[in-house]
Amino acid sequence: MKAALDRAPGWILLSGLAACGAIQHGTFTLASGKTSPYYIDIKRAVTRPDLLGMISNGIAPFAGSSDRIAGVELGAVPIATAVSLATGKPFIMVRKASKEHGTKHEFEGELNRGDRVLFVEDVVTTGGTLRGAIERLRSHGAVIEDCVCVVDREEGGRMLLAEVNVHLHALLSAKDLLDID
């Protein structure tokens, strides 16, 4: 696997995130329930083609040996879509919870037993939501060894994923974000 973005592209991405307001300061409650003095709103960045392109270009090299790209709704779906377009590999949209109506699918997209799947994510904090999604796809036969996120908040997600033999790669870390202050 390719190492995280080298300093020049990483700095450009970080500058773009700051410029579009994706990095906010204040008091925020995260999905994990933790309180944080900063918030990373990658959804704000992925609605801009230039930033989505930078994110996709940073993640695409990790997809080399994968058959499919997967992302959890909502934040990772545009990222998975862009990486899919950049690599020509199909993608899967993973639901946070199974649908309670219609087909009751846990994910949308084609998945065959033995398919190697690269998970993408916007921000990883504790990794709980991501781990659940990985376990659900594995129960359908997916082989998942790697996940690439835009930002690793460095709050336990890497370790939680390592417990299920998934390597977390990040384009940027919390340290990178805090160093710009």
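Only heavy atoms go into these numbers, but all of them, side chains included; no hydrogens, no water, no symmetry mates. Residues take their numbers from the sequence shown, with the count starting at 1. Note that this is a predicted model, so its numbers are computed, not measured.
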Closest heavy-atom contact between [X] and [Y]?
| X | Y | result |
| --- | --- | --- |
| G127 | L161 | O-CD2, 4.2 Å |
| R95 | E108 | NH2-OE2, 2.8 Å |
| R113 | S139 | NH2-O, 3.8 Å |
| C149 | V124 | CB-CG2, 3.7 Å |
| G21 | R44 | O-CD, 3.6 Å |
| A82 | S56 | O-OG, 3.1 Å |

**Request:** Mind checking ring-ring contact (aromatic ring centres under 6.0 Å, His included) for H140 and listing every partner two or more places apart, or none if nothing turns up?
**Result:**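 ring-ring contact (aromatic ring centres under 6.0 Å, His included) check on H140 returns F107.
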**Request:** State which residues pass ring-ring contact (aromatic ring centres under 6.0 Å, His included) with F28; sequence neighbours excluded, sorted by chain then number.
**Result:**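 Expected list: Y39.
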**Message:** Do the side chains of E135 and R131 get close enough for a salt bridge, i.e. N-O under 4.0 angstrom?
**Reply:**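 So E135 pairs with R131 through a salt bridge.
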**D67 with K89: basic N within carboxylate O range, under 4.0 Å** = no
Rounded distance [0.5 Å steps], [atom1] in [X] versus [atom2] in [Y]:
| X | Y | atom1 | atom2 | value |
| --- | --- | --- | --- | --- |
| D176 | L13 | CG | CG | 9.5 Å |
| I55 | D122 | CD1 | CG | 9.0 Å |
| Y38 | I23 | OH | CD1 | 10.0 Å |
| C20 | D41 | SG | CG | 8.0 Å |
| S36 | Q24 | OG | CD | 11.0 Å |
| T125 | L130 | OG1 | CG | 11.0 Å |

**Asked** Given S65 and R116, is the side-chain contact (heavy atoms from CB on, under 4.5 Å) satisfied, shown in steps?
**Response** CA-CA 7 Å; S65 64; R116 297 182 55 82; 3.9 Å; yes
**Request:** For residues L17 and L172, determine if any side-chain heavy atom of one lies less than 4.5 Å from a side-chain heavy atom of the other.
**Result:** yes
**Message:** Between D152 and R158, is there a side-chain heavy-atom distance shorter than 4.5 Å?
**Reply:** yes
Common cluster, [X]/[Y], ILVMFWY with side-chain heavy-atom separation under 4.5 Å:
| X | Y | value |
| --- | --- | --- |
| L14 | V151 | yes |
| L111 | V94 | yes |
| V117 | I79 | no |
| M93 | I134 | no |
| V77 | L74 | no |

**Item:** Step-by-step side-chain contact (heavy atoms from CB on, under 4.5 Å) determination, V148 to L118
**Value:** CA-CA 8 Å; V148 184; L118 174 68; 3.9 Å; yes
**Request:** Please step through side-chain contact (heavy atoms from CB on, under 4.5 Å) for the pair E121 and V150, ending with a clear verdict.
**Result:** CA-CA 7 Å; E121 184 60 287; V150 179; over 6 Å; no
**Request:** Kindly write out the residues that satisfy salt bridge (charged side-chain N to carboxylate O under 4.0 Å, His left out) with R153, not counting sequence neighbours, or none if the list is empty.
**Result:** E155
**Item:** Reference residue F119; test side-chain contact (heavy atoms from CB on, under 4.5 Å); the match among I92, I69, V166, V72
**Value:** V72
**Request:** Begin from the C-alpha positions of I59 and L171 and carry the test side-chain contact (heavy atoms from CB on, under 4.5 Å) through to its verdict.
**Result:** CA-CA 8 Å; I59 294 174; L171 301 183; 3.9 Å; yes
